[in-house]
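The structure appears right after this line, and notes come after that.
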Amino acid sequence: MSADETKTIKQKLVDIEAKHTNLIFANALADLAVKAVVEGSTSDAWREYMIQIVGTDAPRQLARLTLQDEQKDEPYVRTNVAYIVSNAICGAGTTLPTSGRVTNIDEGVPPEKFVAPPPPA
């Protein structure tokens with residue numbers, strides 16, 4: 001992806017799925033997802049996990065995934081972000097992709113650039 005290319009959240013999730021062939025990345029992402037679930041949607045761990053999905057320079061997308069935008073109480077948003085985190089917990093080698101069951105998460109959120117964060121530790 002070029003530095004100026006913009007993508008939707010769903011497109012970025014598909015890009016993350018391609019990285020799951022790297023078991024170190026996939027397992028680190030799964031560990032981060034577990035931490036996000038345990039600490040909750042208002043935690044730094046949740047934010048750090050979602051930055052892995054949308055990058056460091058996608059403020060509207062990050063607001064959506066951290067339940068900070070105007071749609072934060074909408075059931076479709078809450079369901080989609082729950083799937084985004086829970087799908088990653090399965091880890092590498094599973095058949096359900098990170099974007100599995102994520103449908104309309106991009107509703108009202110424009111595509112944004114992906115600036116890669118450091119890989120999850």
Side-chain angles (χ1 to χ4, degrees):
M1 174 169 35
S2 76
D4 293 327
E5 184 179 359
T6 60
K7 291 195 173 194
T8 65
I9 296 168
K10 181 79 172 191
Q11 290 168 326
K12 290 176 179 182
L13 283 166
V14 172
D15 289 346
I16 288 288
E17 290 163 10
K19 294 180 182 180
H20 281 196
T21 57
N22 176 334
L23 293 180
I24 293 170
F25 175 84
N27 289 328
L29 189 66
D31 290 345
L32 187 55
V34 169
K35 187 174 179 182
V37 167
V38 169
E39 294 183 17
S41 64
T42 60
S43 70
D44 289 340
W46 188 278
R47 182 177 178 79
E48 185 180 342
Y49 174 80
M50 293 305 183
I51 287 172
Q52 292 297 318
I53 304 300
V54 298
T56 61
D57 192 26
R60 292 169 291 207
Q61 292 177 344
L62 186 58
R64 171 62 51 93
L65 297 183
T66 57
L67 303 173
Q68 300 297 312
D69 73 355
E70 67 281 351
Q71 299 297 311
K72 65 184 176 193
D73 295 320
E74 293 294 330
Y76 81 93
V77 171
R78 293 181 164 285
T79 299
N80 277 285
V81 297
Y83 278 129
I84 290 169
V85 176
S86 64
N87 289 345
I89 291 173
C90 295
T94 60
T95 57
L96 183 63
T98 307
S99 66
R101 298 191 181 112
V102 176
T103 55
N104 52 350
I105 190 64
D106 290 299
E107 190 173 302
V109 179
E112 294 183 294
K113 293 179 186 178
F114 179 81
V115 177

Locate the shortest heavy-atom distance separating Val54 from Lys12; write the atom from each residue and the value.
-> O-NZ, 3.0 Å

Any chain of hydrophobic side-chain contacts (each under 4.5 Å) joining Leu67 to Val38?
-> yes

CD of Gln52 to OG1 of Thr56, rounded to nearest 0.5 Å, is 10.0 Å

Which pair of non-hydrogen atoms, one from Ser41 and one from Trp46, has the smallest distance, and what is that distance?
-> CA-CD2, 3.4 Å

How far does CD1 of Ile16 sit from CG of Leu29, to the nearest 0.5 angstrom?
-> 6.0 Å

Which pair of heavy atoms, one from Gln71 and one from Arg64, lies closest together, and at what distance?
-> CG-NH2, 3.4 Å

Quick one: does Arg47's side chain have a donor or acceptor within less than 3.5 Å of a partner on Thr42's backbone?
-> no

Do you know the tightest heavy-atom contact between Thr8 and Gln11?
-> N-OE1, 2.7 Å

Spell out, yes or no, whether Leu32 and Ile84 are grouped together once hydrophobic residues are joined by side-chain heavy atoms under 4.5 Å, including indirect joins.
-> yes

Heavy-atom closest contact (Leu62 atom, Met50 atom, distance) | CD1-CB, 3.8 Å

Between the CG atom in Asn80 and the NZ atom in Lys10, the distance rounded to the nearest 0.5 Å is 8.0 Å

Taking the side chain as every heavy atom from C-beta outward, state whether Thr66 and Lys72 have any atom pair closer than 4.5 Å.
-> no

Would you mind reporting whether Gln61 and Ile53 have side-chain heavy atoms less than 4.5 Å apart?
-> no

Between Ser43 and Ala36 the two heavy atoms that sit nearest each other are OG-O, 4.3 Å

Answer yes if Val109 and Ile51 sit in the same cluster of Ile, Leu, Val, Met, Phe, Trp and Tyr residues linked by side chain heavy atoms under 4.5 Å apart, and no otherwise.
-> no

